[in-house]
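Below is one structure; the comments refer to it alone.
Note that the numbering runs from 1 along the sequence shown for the chain.
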Amino acid sequence: MPQYKAPLRDIQFVMHELLNAEQHYDKISAYAGTNRELIDGIIEAAADFCENELSPINHSGDQEGCHYEDGVVTTPKGFKEAYQKYIELGYPSLAVSAEHGGQGLPGSIGNAISELVGTANWSWGMYPGLSHGAIRTIEHHGNEQQKEVYLSKLVSGVWTGTMCLTESHAGSDLGIIRTKAEPNEDGSYAITGEKIFISAGEHDMAENIIHIVLARLPGAPKGTKGISLFIVPKFNVNEDGSVGERNTVRCGSIEHKMGIHGNATCVMNFDGAKGFLIGPENRGLNCMFTFMNTARIGTAVQGLAASEGAFQGALMYARERLAMRSLTGPKNPEKEADPIIVHPAVRNMLLTQKAFAEGGRALVYLLSQFADIVEAGDNEEEKKYADNILSLLTPIAKAFLTETGSESAKHGVQIYGGHGFISEHGMEQIVRDTRIACLYEGTTEIQALDLLGRKVLQTQGALLKDFTKIIHKFCEANKDNAAMAEFIEPLAALNKEWGDLTMQIGMKAMQNPNEVGAAAVDYLYFSGYVTFAYLWARMALVAQEKLAGDTTETDFYNAKITTARFYFKKLLPRTRSHVDVIATGVESLMALDAEHFAF
């Protein structure tokens, strides 16, 4: 099992050299003074925790899994102890405002730590990770009493949170959920229903679990316009803030899953459980989007984590494993064979993993900076602009990074050959663990519809134009830089094509709305590859500028440029196949009657 090593140098490159974190924070009064020494110190400490506490229990947690007995879930050995250390180190409160007991640091630093945690041990990281969304939901939509009762304990990590959306008959179609909320005389509500696929819904790591639950009030309108949001604690809370009697919410079972065995995926039964309305009646889905958007960025981090983890494991093996000779002559003549890293096919897989990991890191951290502005920016116009960029890029990040993470994990197994299929090497665990990321918080197909249908076509391309203008300005600023021509010319062409492709789909959709569904997934992939191309071009430019100056890290910066070149030459051409598929339209997809699929 590979020992995780935090990629600190690349994190520093993205935060400080690509995205200029200090300048970014100084533009936001709430974060002003967040300097590099502080940033690097926090991340280095988190790296130590992840390398030495979380990574060692990743494989064992997968092998042991969670234990369920009569409604009680026990986490794998070492999970509870690691969580207590996590609390002691103050990580749950890191990116929460001081007003609610947090340390008031930017969320972008918290997301960097989430990457470290997720790569070291994703199953463990889901327990505290879901609390962030619960905290944000209560912060944004709770009343003062709810904030007073729940936030301090969630922020400290003594309590954890969940999101309870899905029901067995509904899936992503939340408009047809059946869980109901009946008013009680004391102003609370009796919540009755069953929720499924509830990550961290029951466990032994915290003294209370606060469920954020979607349910319907009596007489509520049908569909998504009739959903309200409720706080439902595992244990009711006494007036003095202490844990009281057990609420009537219970874990009915835990799922037997393909992966993330160390995290409890629960069926939660609400039997008249006491709950409290959060936000306005029948506006629950709007409030829940605060939670869901946080979770979607978090899921994008899982895609990044899969690429990074698979790359680290595969690179170590490829350097050590001897098999065959290089086609251009022995590279290791004193031994019986050459290390497999000399073979072009292996290098193709490794460089694909590297390009996806480092490109994914750049995208997640860029998104995180826009989220900082939305959360704490001083200028309303800048906040609105950042929110627009975030709205467009979030479905791209969630879907594209998890799909590329899944591809990277597959390459990890492939590089190991038969050994990759064996559990002790850890590569097959990454495949299993990351596959869920393409499904939860909205499948790739749902994210694609959200991107093309809601974010692009319903805004008549306004959100897309905000981002393509950023790319256009970058290309214009560097069009006369001969050293950047190999990146700028294809990027500029694809950026223009992005708008043209959108217009073509929109015109077809006016005649047949199914054209949107037919094009959406390929459109999302195209969007992801172009977004990565922009970020890789930016990284190449930074590396060129550093090499032109006085640097001792020539190997690091040359590797950046070489990886950018690989991305543009070997991965970016995939956009052509997606454009070709989009051009074929919907006809062949809908031609076969449903009853004729099988005979």
Between F474 and Y534, is the ring centre distance below 6.0 Å? yes
Just checking F197 against Y440, ring centres under 6.0 Å apart? no
Is the shortest side-chain N to carboxylate O distance from K383 to E375 below 4.0 Å? no
Salt bridge (Lys or Arg N to Asp or Glu O under 4.0 Å) partners of residues 88-111, not counting sequence neighbours, each pair once: none
Against E22, only a single residue in M15, R36, E37 fulfils side chain to side chain contact (heavy atoms under 4.5 Å, CB included); can you say which? R36
Any donor and acceptor pair, going by atom type alone, linking the side chain of E51 with main-chain N or O of P56 inside 3.5 Å? no
Q429-N58 side chain donor-acceptor pair, cut-off 3.5 Å: yes
Is the gap between the ring centers of F311 and F356 under 6.0 Å? no
Salt bridge or not for K77 and E64, using N-O below 4.0 Å? no
Less than 4.0 Å between a side-chain N and a carboxylate O, is that true for E115 and R361? yes
Closer than 4.0 angstrom, basic N to acidic O: yes or no for K27 and D372? no
Is there a donor in the side chain of E308 and an acceptor in the side chain of T119, or the other way round, less than 3.5 Å apart? no
I want to check a possible cation-pi pair here: R574 against Y525, using under 6.0 Å from ring centre and within 45° of the ring axis as the test. no
Measure from the ring center of F556 to the ring center of F13 and say whether it is less than 6.0 Å. yes
Do we see a donor-acceptor contact under 3.5 Å between the side chains of S307 and S408? yes
Which pairs count as side chain to side chain donor-acceptor pair (under 3.5 Å) when at least one residue sits in residues 195-211, sequence neighbours excluded? T75-D204, W159-E207, T160-H203, T162-H211, E167-K195, E202-K234
Testing F487, F532, Y529 for ring pair (Phe, Tyr, Trp, His ring centres under 6.0 Å) with F568, which one passes? F487
Taking the six-membered ring for Trp and the single ring otherwise, decide whether the centroids of F421 and Y416 are under 6.0 Å apart. no
Looking at V374, is its backbone amide N or carbonyl O close enough to the side chain of D387 to form a donor-acceptor pair, meaning the two atoms are under 3.5 Å apart? no
Parallel, tilted or perpendicular, judged at 30° and 60°: which one describes the rings of Y86 and Y91? tilted
Would you call R432 and E428 a salt bridge, using N to O less than 4.0 angstrom? yes
